[in-house]
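I have placed the structure first, in the form of structure tokens, so that the comments after it can refer back to it.
Naming: A, B, ... by sequence-line order, numbering from 1 per chain. All heavy atoms count here, side chains included; hydrogens, waters and symmetry mates do not.
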Number of protein chains: 2
Amino acid sequence: MSIDGTPPAATPSRRELNKAATRQAITDAALALLRTRGPGSFTVEDIADAAGISRRTFFNYFSSTDAALASVTHGFLDNAIQQFRLRPADEPILQSAQAALIALADPMTVAPLAELFTLTQQSALMSHSELEAWEHCTEQIIAVARERVAGPEDSEDELYVRALAGAVISCGKAALEVWFTRRGADLSPASLAELRQLLIDAMSLLGSGFTAGSTPAPFRPAPSASVSS
Amino acid sequence: MSIDGTPPAATPSRRELNKAATRQAITDAALALLRTRGPGSFTVEDIADAAGISRRTFFNYFSSTDAALASVTHGFLDNAIQQFRLRPADEPILQSAQAALIALADPMTVAPLAELFTLTQQSALMSHSELEAWEHCTEQIIAVARERVAGPEDSEDELYVRALAGAVISCGKAALEVWFTRRGADLSPASLAELRQLLIDAMSLLGSGFTAGSTPAPFRPAPSASVSS
DNA sequence: TGCAAATTTGCACGACGGGCAAGTTTCTGG
DNA sequence: CCAGAAACTTGCCCGTCGTGCAAATTTGCA
């Protein structure tokens with residue numbers, strides 16, 4: 001056990017660097033193959049060869065090709081949780097989620113996710129590893145929400161916390177899906193503004209209990225710029 | 001193409017019956033193995049042997065062991081969609097969902113799902129096939145919701161519909177999770193009443209936009225009996 | 001420098017999932 | 001009733017997957 005509490009960050013030893021580099025090489029190789037050959041048409045051995053490692057070593061880092069690709073999603077969602085965690089504790093959870101999501105709607109952050117999404121879109125359902133990443137994010141939100149609700153009673157708020165976290169994730173996913181459907185991998189400022197607006201609208205819908213009969217945009221908690229038609 | 005619009009229901013031919021029987025035999029065998037050996041400790045060949053068919057034939061029905069087990073979830077959710085579809089079209093979607101879910105909280109319907117859940121609980125995440133079933137259910141809800149919103153404009157309501165459907169599913173899942181956590185596979189009337197109340201509460205939370213700061217049960221749309229402490 | 005620990009790699013093995021082409025069962029029209 | 005068509009089952013084969021194991025290699029530390 002090290003005296004320092006932050007082993008991976010404060011100790012960029014040779015081993016850590018090598019592992020990180022190998023890990024990155026694997027995901028890069030996987031992404032390159034996904035671009036050139038399309039989903040499901042390459043094997044673990046292909047990735048290992050492209051990354052300059054053995055097949056066996058690949059499995060020391062990821063348990064499947066999907067897992068290697070899902071590291072992109074994992075990175076994005078870890079980022080989201082990080083943003084979410086540093087919101088003030090007295091802020092309503094929905095607003096924290098909204099703020100955290102909007103903070104991520106910049107080109108650098110969404111670009112990898114957008115590419116992954118468009119490249120794997122054709123194969124309908126998300127991969128197991130990808131869903132795992134979203135599930136992990138949900139658990140994180142639950143943890144944060146539980147701290148905030150912070151009642152000494154434990155079982156009463158469990159439904160509230162889990163339902164809220166799941167709903168937030170679902171609505172975030174819905175916003176992303178609609179955005180990808182509309183704009184593909186378009187990362188222009190106008191497109192990103194639309195993504196931000198979609199995220200705001202999704203959280204607003206959630207906050208207002210989907211009261212809109214057929215007209216969307218029930219109300220806007222933040223006076224943000226709307227997308228021009 | 002047949003003149004009759006309902007080929008599978010109106011034509012219980014020998015072939016259909018055999019296939020249905022084989023399908024059932026497979027899921028029964030899989031479930032039995034899950035009970036006796038636990039998750040992940042038996043192979044496709046084991047199931048095939050127990051069901052009295054060849055390994056190859058198994059793959060004519062299901063693409064994996066998980067898929068065979070997920071037929072339980074599939075059945076439950078198909079039932080749910082069926083209930084959901086025959087709600088009046090002018091009813092708010094959340095109330096339709098609530099009513100459909102409550103209608104399923106009877107022993108016969110939830111028993112298989114409860115057993116599957118408790119047996120696979122220990123292995124953390126849901127299987128791919130199981131998640132596929134939930135995803136399929138979400139798509140069904142989206143389809144129904146789209147009919148009800150029924151605007152001639154198509155892209156405006158897409159976010160509303162997808163966010164709502166996803167949130168409903170998430171909250172339903174949350175209610176089930178909390179129930180399983182609290183009561184295990186308890187199917188007593190009191191336990192089922194609690195499940196019903198959890199489903200009601202989950203949909204209420206969704207309908208009220210999670211406005212409750214820390215106290216659950218924000219309001220109750222149906223004057224149903226509350227769970228006695 | 002030399003030893004201990006971590007990491008990579010090759011090998012082997014059981015399981016997976018599906019294409020293919022025979023067998024077998026069921027349905028159809030004569 | 002029966003022969004041909006269609007659907008279904010089965011065995012065989014192949015490439016891939018994921019992992020335990022032990023030898024070989026690299027890195028850290030004294």
Can you measure [X] atom [atom1] to [N] atom [atom2] for me and round it to whole angstrom units?
{"X": "B:Lys19", "N": "C:dC27", "atom1": "NZ", "atom2": "C1'", "answer": "15 Å"}
{"X": "A:Asn60", "N": "C:dG10", "atom1": "CG", "atom2": "C1'", "answer": "12 Å"}
{"X": "B:Ile47", "N": "C:dG17", "atom1": "CD1", "atom2": "P", "answer": "11 Å"}
{"X": "B:Asp49", "N": "C:dA15", "atom1": "CG", "atom2": "C1'", "answer": "14 Å"}
{"X": "B:Leu17", "N": "D:dC8", "atom1": "CG", "atom2": "C1'", "answer": "15 Å"}
{"X": "B:Glu45", "N": "C:dG17", "atom1": "CD", "atom2": "C1'", "answer": "13 Å"}
{"X": "B:His128", "N": "C:dG17", "atom1": "NE2", "atom2": "P", "answer": "11 Å"}
{"X": "B:Arg55", "N": "C:dG17", "atom1": "CZ", "atom2": "P", "answer": "9 Å"}

Which nucleotide in [options] has an atom nearest any side-chain atom of [X]:
{"X": "A:Val44", "options": "D:dC13, C:dC27, D:dG18", "result": "D:dG18"}
{"X": "B:Arg15", "options": "C:dC27, D:dT9, D:dT26", "result": "C:dC27"}
{"X": "A:Ile53", "options": "C:dT9, D:dC8, C:dT7", "result": "C:dT9"}
{"X": "A:Asn18", "options": "D:dT27, C:dC16, D:dT9", "result": "D:dT27"}
{"X": "A:Tyr61", "options": "C:dT7, D:dC21, D:dG18", "result": "C:dT7"}
{"X": "B:Arg14", "options": "C:dT9, C:dT26, D:dT10", "result": "C:dT26"}

Compare side-chain N and O positions of B:Ser13 against OP1 and OP2 of C:dT26 and report whether any pair is under 4.0 Å apart.
->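 Checking C:dT26 against B:Ser13, no side-chain N or O comes under 4.0 Å of OP1 or OP2.
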C:dT8 phosphate, OP1 or OP2, under 4.0 Å from A:Ser54 side-chain N/O | no
Is [Y] paired with [X] through a side-chain N to carboxylate O contact shorter than 4.0 Å?
{"X": "B:Arg182", "Y": "A:Glu158", "value": "no"}
{"X": "B:Glu139", "Y": "B:Arg162", "value": "yes"}
{"X": "A:Asp46", "Y": "A:Arg37", "value": "yes"}

Does A:Thr43 or A:Arg56 map to a spot on DNA chain D nearer the 5' end, using the closest nucleotide for each?
->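 The residue whose closest nucleotide sits nearer the 5' end is A:Thr43.
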Can you pull the side-chain hydrogen bond (donor to acceptor under 3.5 Å, both in side chains) pairs that have at least one residue in residues 75-86 of chain B, sequence neighbours excluded?
-> B:Arg85-B:Gln140
Residues B:Asn60 and B:Thr57: side-chain donor-acceptor under 3.5 angstrom | no
